[in-house]
Amino acid sequence: MQKTMQKGTINVTTENIFPIIKKFLYSDHEIFLRELISNAVDATQKLKTLARTEQYKGELGDLTIRVSVDKKKKTITISDKGLGMTAEEIDKYINQIAFSSAEEFLEKYKDKAEAIIGHFGLGFYSAFMVSEKVEIRTKSYQEGAQAVRWECDGSPEYIIEEIEKEDVGTDIILHIDKENKDFLEKSKIEELLKKYCRFLPVPIAFGKKTEWKDGKEVETDEDNIINNTEPAWTKKPSDLKDEDYKEFYRELYPMTMEEPLFNIHLNVDYPFNLTGILYFPRIKTNFEIQKNKIQLYSNQVFVTDSVEGIVPEFLTLLHGVLDSPDIPLNVSRSYLQSDANVKKISSHITKKVADRLNEIFKKDREDFEKKWADLKLFVEYGMLSEPKFYDKAIKFALFQNVEDKYFTWEEYKKLIEGNQTDKNKNIIVLYTSDKDAQYTFIEAAKAKGYDVLVMDSQIDPHFINHLETKLENVKFSRVDADVIDKLIEKDEKKESKLTAEQQTELTSVFRSQLPSEGTYIVMFEPMGENDNPVMITQNEFMRRMKDMSQLGGGGMGFYGDLPDSYNLVVNSNHLLIENIAKDVDEKLKGELVSVKKEISELETEKTALEKLKEGKKEEEIPQEEKDKADELNKKLEELNKKKETLLENYGKENKLVKQLIDLALLANNMLKGPALDKFVKRSVELIEK
Ligand code: ADP
Ligand code: MG
């Protein structure tokens, strides 16, 4: 056979495109392998189509794609038994870079074409990211075709010549450059094949399977096939059993022991093409670990496993595979994020996920309730971050109460609106974040006939906040946010047994014994005689902001830095408190009465003086009067201080006051360390008396 050889120059635009390819286009050099194998797969699929339409009459034979590494020659070879190329086709498809034959092919064979991966026409040139020279040896399927060899060193010059080649198909030989010699390691190529080619539709062999013989690893005759050509998501849902889905899950995540809760098989062909299987994992804790388990494929070619920014944040908690030819292969992440198809896909998945959950909820409520603990975080996260998901999910999201009963929001609203609507017409949802720690408060609520929800997940503070913005006239309050009568304020007014004056006096008494950690405000509430004498509550708003900032939420840092602030609520109707008030009167009788008398005398003088000033301008008031007023104020201040000191000193000595505060702390699980020790000793002492 006569051989001809031809030299040529690739058109001018190429000169500009090479450095771009080498440096910028692909941030990851390793994708060259994915691109070349994709091409081999395309070529193979095309030949199959041609055979089916009887345009190719030869034998298809074994279509396995073979990848090999020759460390000595510094080459990587990818051989396929696909449709091959003629010299003209090389010129057209390889030399004229931007020309994608795939697109042309698709146009021609629209309905018959096996899935064809590339449509950018840049894939092949990614070979130059790692090679100093690239060779193509190829023979077209066309009858009597002449095999050719093409060679190029990355400059616009190339060589094309005729060669001998027996089989139809193409060998791509990469002469790896110095900087990329890592790719000549077998283990490296194996790793990349596993990453990108695991589910390609044509068998890919990387050398032979090995076995251990006489302490040595030896090759067998069997091809080392690295891929599963028919992964579950490419099959019809009706052909798969539950066990098949589970098995595929294990194939995807061999390191994960737990089984998924359930799955969604996606199968869309209009308005875009999307297949895939998503799994709901059990998400109880460890939010972060769960993330980024979705793998994105384009016609069974791996694109990425970091889908953040591509699918909605909450969906990154799901596991599984998405495959769409509409997800472009060879572009950057930022491009993917702005891609219209990717956006459509992402909102479609959101909808599908919500629909699937709704379906399970409707079909088997009991099972749904059982799985709720594992689903809760995911659903709440979705409701928080995606308005469209919220709208669907509010119908099946469950609320669990302290009796472990489950309700949808509609059901729960019906349950509580009668008894838990306050005087401002707000429905007050009571919740606990810790059944044990807030036990006293839960009991108090139950005694009133109120219901209490359990809201104890990581994101509940955010979720609750969100619900308040979505649900009209609904407020959430943790059971320990206030004393029971004020948690849900009704119109009824309770009388207090202590006078306002007694309350101010006792405020000083109680203030003398406050715990050193956190800030406390002492206040009085006329509660029931059988309610606790002292309680510690924590304002809902402040606490929630603090909880939210701890979880990280924009602009909430300020609250996170504040010390914990509590209310020390004294029950002004409790016998013990009344007794303390009486005791104050008795113990401080002489002193307190005389100070109080002096104060009231001075107050009278002060009012009289102020009466004189009435209607006068500042300059009309005689200096004498002004001096008098100053003196009065100073005296009053001193006397009030004296009174306060008297009461504080009394309080400091009063073991009962301390004991009552400690009991309140104890009821909140807040009494610890030396304070707890002192409390125990003091209790013994008090009992002995
Ligand atoms: P794309 O795959 O997007 O078309 P590539 O740059 O990867 O772009 O490939 C350009 C063209 O070169 C392909 O469309 C195909 O016609 C041809 N080609 C590349 N590799 C092969 C191969 N192994 N066998 C046959 N043709 C190939
Ligand atoms: Mg390609």
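Atoms within each ligand, like the ligands themselves, are counted from 1 in listed order.
Distances from the Mg ion (ligand 2) show that Ser38 has no N/O/S atom below 2.8 Å.
When non-hydrogen atoms are compared, ligand 1 lies under 4.0 Å from the side chain of Asp80 (C-beta onward) but not from its backbone. Residue-level proximity to ligand 1 for Thr138 is absent, since no heavy atom of it falls below 4.0 angstrom.
By the 4.0 Å heavy-atom criterion, Met85 is counted among the residues contacting ligand 1.
The closest side-chain donor-acceptor pair between Gln300 and Asp323, if any, does not fall under 3.5 angstrom. Tyr141 and Gln55 form no side-chain donor-acceptor contact under 3.5 Å, judged by distance and modelled atom types alone. No hydrogens or angles considered: a donor-acceptor pair under 3.5 Å links the side chains of Asn95 and Trp150. Neither side chain, Thr229 nor Asn227, offers a donor N or O lying under 3.5 Å from an acceptor on the other.
For ligand 1, the polar-atom distance check against Asn39 finds a nitrogen or oxygen pair separated by under 3.5 Å. Checking only distances, Leu83 never comes within under 3.5 Å of ligand 1, N or O to N or O.
The only member of Tyr245, Phe248, Trp233 that meets ring-ring contact (aromatic ring centres under 6.0 Å, His included) when paired with His265 is Tyr245.
Remark: ligand 1 atoms within the under-4.0 Å shell around heavy atoms of Ile94 are 12 (O).
Under a cutoff of 6.0 Å and an axis angle of 45°, Lys293 and Tyr253 form a cation-pi pair.
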